2 protein chains.
Amino acid sequence: MNFDPLIMKPKLTLKQIARELDVSVSTVSKALRDSPEISDETRQKIQAFAKLYNYKPNNIALSLKNRRTRTIGLVLPEIVHDFFATVITGVEEVANKRGYNVLICLSNNSFDREVMNLEMLANGSTDGFILSVAKETQQKGDYHHLQEVISQGMPVVMVDRVVNEIICDKVIIDDSDGARDAVQHLIDNGCRRIAIITTVDYISVGKLRTEGYLRALRGNDVELDEDLILKIEDVDNSHEAISQFLGAREIDGVFAVNEQFATSAVKALLNKGLSVPEDVLVFSFSDGELSRRFIPSLSTVNQHGADMGAKAAELLIDRIEKTVTDEEYQTAIVKTSLVERESTQKRKKATV
Amino acid sequence: MNFDPLIMKPKLTLKQIARELDVSVSTVSKALRDSPEISDETRQKIQAFAKLYNYKPNNIALSLKNRRTRTIGLVLPEIVHDFFATVITGVEEVANKRGYNVLICLSNNSFDREVMNLEMLANGSTDGFILSVAKETQQKGDYHHLQEVISQGMPVVMVDRVVNEIICDKVIIDDSDGARDAVQHLIDNGCRRIAIITTVDYISVGKLRTEGYLRALRGNDVELDEDLILKIEDVDNSHEAISQFLGAREIDGVFAVNEQFATSAVKALLNKGLSVPEDVLVFSFSDGELSRRFIPSLSTVNQHGADMGAKAAELLIDRIEKTVTDEEYQTAIVKTSLVERESTQKRKKATV
DNA sequence: TTGTACGCGTTATCAC
DNA sequence: GTGATAACGCGTACAA
């Protein structure tokens, strides 16, 4: 046992300070908040004591009293994708700037986990939350848990993987336009037989990116060959599927809807004896470390994840603090931008 | 305005249920907790009502009453590294399994942010936290904020980037051994002039990995050439430094302490006209998506981030729940393992 | 200038 | 079997 305050000083409460200095709790409270009601002498005595023992008000008590936690929730399907990691960064930055904590929950793309996450967050732990819907949830199409918390008056902002049926603030990117621009870029650089490696259609963003691909082909009178469309169901074992797919087809361009698919594609093309970008141009989606550092570095559609996260946090906190005068729900669209790198810059073939 | 409960049902409290059913608050509380004191009739009536309107107890009130939040904090220096992302996954999984939420704060490697984060987490929001120290904090060597919260009785577990001066539970990997094994592997495969690309020494893990490199050289009577050691200060602009360094030296092996350095090294070697692994073998540290998908895929020392996070969460929650009978603080060492990939598998040179 | 009383939502204890 | 009361820590309206 050691009572030396430098060694062991348990958390202080107002009550303890009051007892120690022989005043009432409310006097301490007022003194610490610089109330003019309290005499200079008392105030200074109390403040000095509080500082010495490093008094900090208890957040939980404040939350209960004020009926607000100054905490926002963030529910993500996964995190080992650079994209979601950057979303966290954006959310966290804005939240902290505006005095909020961020409570992160991972659904691991599981519907049940997502339901549990929402229940937790809605039980008073947070003032509202940001959600990117789990894959399984999009597949099931069951959104009652979302409807539930929203009907309880909890502000919700959906980001990236959104659900049209649910009415709330949303932050998305122009997936379709971004994809169209990328494919347009391939066409402009001479590609005519462009394969797309995408996800199954129930993933909202995969579907939209496929649409963009189709639009680009149509807009340039490039013939659509259904055989050049690969829709991946199982992302974890996608490499083999991509390898077979590309091995059996004559193409001069690839558009992949994420970095994983793009790198698999490059590898498959190399194995086939082709060069990127000399023989085949490759465009990726979702700008992360992988695209930047890959050899050849990958041209990508930048999703600006941090911007999306930041925007989502702004929308949410505005909603929480009711500074949104207009009651209408917003759908903010963050513009993508193309980042051109080596994988689409044709070098002179002869000199290689 | 719409009072249809299916459209809008604000959160219920015990008090509201009590008023609605004309009983007392304590009766409601007991009925919902299946207390035998309450008659079947009353109990069923109350439970039915609570279920219909989806009553859930308020977490904040429970936290205040029980003096425990069932929330743990996680303070990380950055997140766009696969390693820390996997740590989050591990922490989150264990925490959820044991009924805890995870509050994530990013220090962005800033000392000030870290201090703020700790203050927030220590003000009642969490029952304890896991911390990986910010770069700037290690540089300053100022740990009073950590000492502070620990002396308040808040359980703390440090992970990966730990501080020896602070006494608490820790989870680290055998950085030095992992590095030694990697370099040993290079030596076993014929390398004699092995460069190391590492961080400045105030980063604890960088220093340890450098030690492992030195031990491997000594253990094999490979001459140490100080000129083959590159210590990076500014990670963001490391590529240029690495390029110059490798460009000017004759080497047959590279050991890099992270994926970023390793990929920069490969690129620099290619630019120099060398092949990996034909001319130079490259071993990396920290097994992430980048290493797996890079071409050539990179041999790495796997840090098992998810395991480290899981272990840290176990230690922390044990400490919180006082199931640790032994009062001694533990330092758990998660073993690294070598993952051998293309970057160190010498193919027959002639056939290339 | 200081202290008392109340309420945030919950549960435990005790009285009826 | 049910209800009133106190307590968790805080802030504030109001009373002294």
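On a predicted model such as this, the values are computed, not experimentally measured, just so you know. Each chain gets a letter, A, B and so on, in the order its sequence line appears, and its residues count up from 1.
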Show me, pair by pair, the donor-acceptor contacts under 3.5 angstrom made by side chains of residues 45-52 of chain A, not counting sequence neighbours?
residue, atom, partner, partner atom, Å
Gln47(A), NE2, Ala31(A), O, 2.9
Gln47(A), NE2, Asp34(A), OD1, 2.8

Return the value, rounded to whole Å, for the distance between atom CZ of Arg67(B) and atom P of dG9(C). 20 Å
How long is the line joining CG of Leu64(B) and C1' of dG7(C), in whole Å? 12 Å
Applying salt bridge (charged side-chain N to carboxylate O under 4.0 Å, His left out) as the test, list every pair that has at least one member in residues 124-139 of chain B; sequence neighbours left out. none
Residues within residues 54-63 of chain B bordering DNA chain C, heavy-atom distance below 4.0 Å: Tyr55(B), Pro57(B), Asn58(B), Ala61(B), Leu62(B)
Checking [X] now: which residues fulfil side chain to side chain contact (heavy atoms under 4.5 Å, CB included) with it, not counting sequence neighbours?
X: Ile167(A); value: Tyr329(A)
X: Glu93(B); value: Lys97(B)
X: Val115(B); value: Phe111(B), Glu119(B), His145(B)
X: Lys30(A); value: Ser35(A), Glu37(A), Ile38(A)

Let me test you: for the helix from dT1(C)-dA16(D) to dC16(C)-dG1(D), what is the angle between the axes at its two ends (five pairs each), rounded to 10 degrees? 70°
For DNA chain D, note the earliest and the latest nucleotide, 5' to 3', having some atom under 4.0 Å of a heavy atom belonging to chain A. dC8(D) to dC14(D)
Sorted by chain and residue number, the side-chain hydrogen bond (donor to acceptor under 3.5 Å, both in side chains) partners of Thr71(B) (sequence neighbours excluded) come out as none
Which pairs pass ring-ring contact (aromatic ring centres under 6.0 Å, His included) with one or both residues in residues 9-33 of chain B, sequence neighbours excluded? none
Answer with yes or no whether the side chains of Lys11(B) and Asn123(A) bring together a donor and an acceptor at under 3.5 Å. yes
Nucleotide N/O to protein N/O under 3.5 Å, stretch nucleotides 13-16 of chain C:
residue, atom, partner, partner atom, Å
dT13(C), O4, Lys30(B), NZ, 3.4

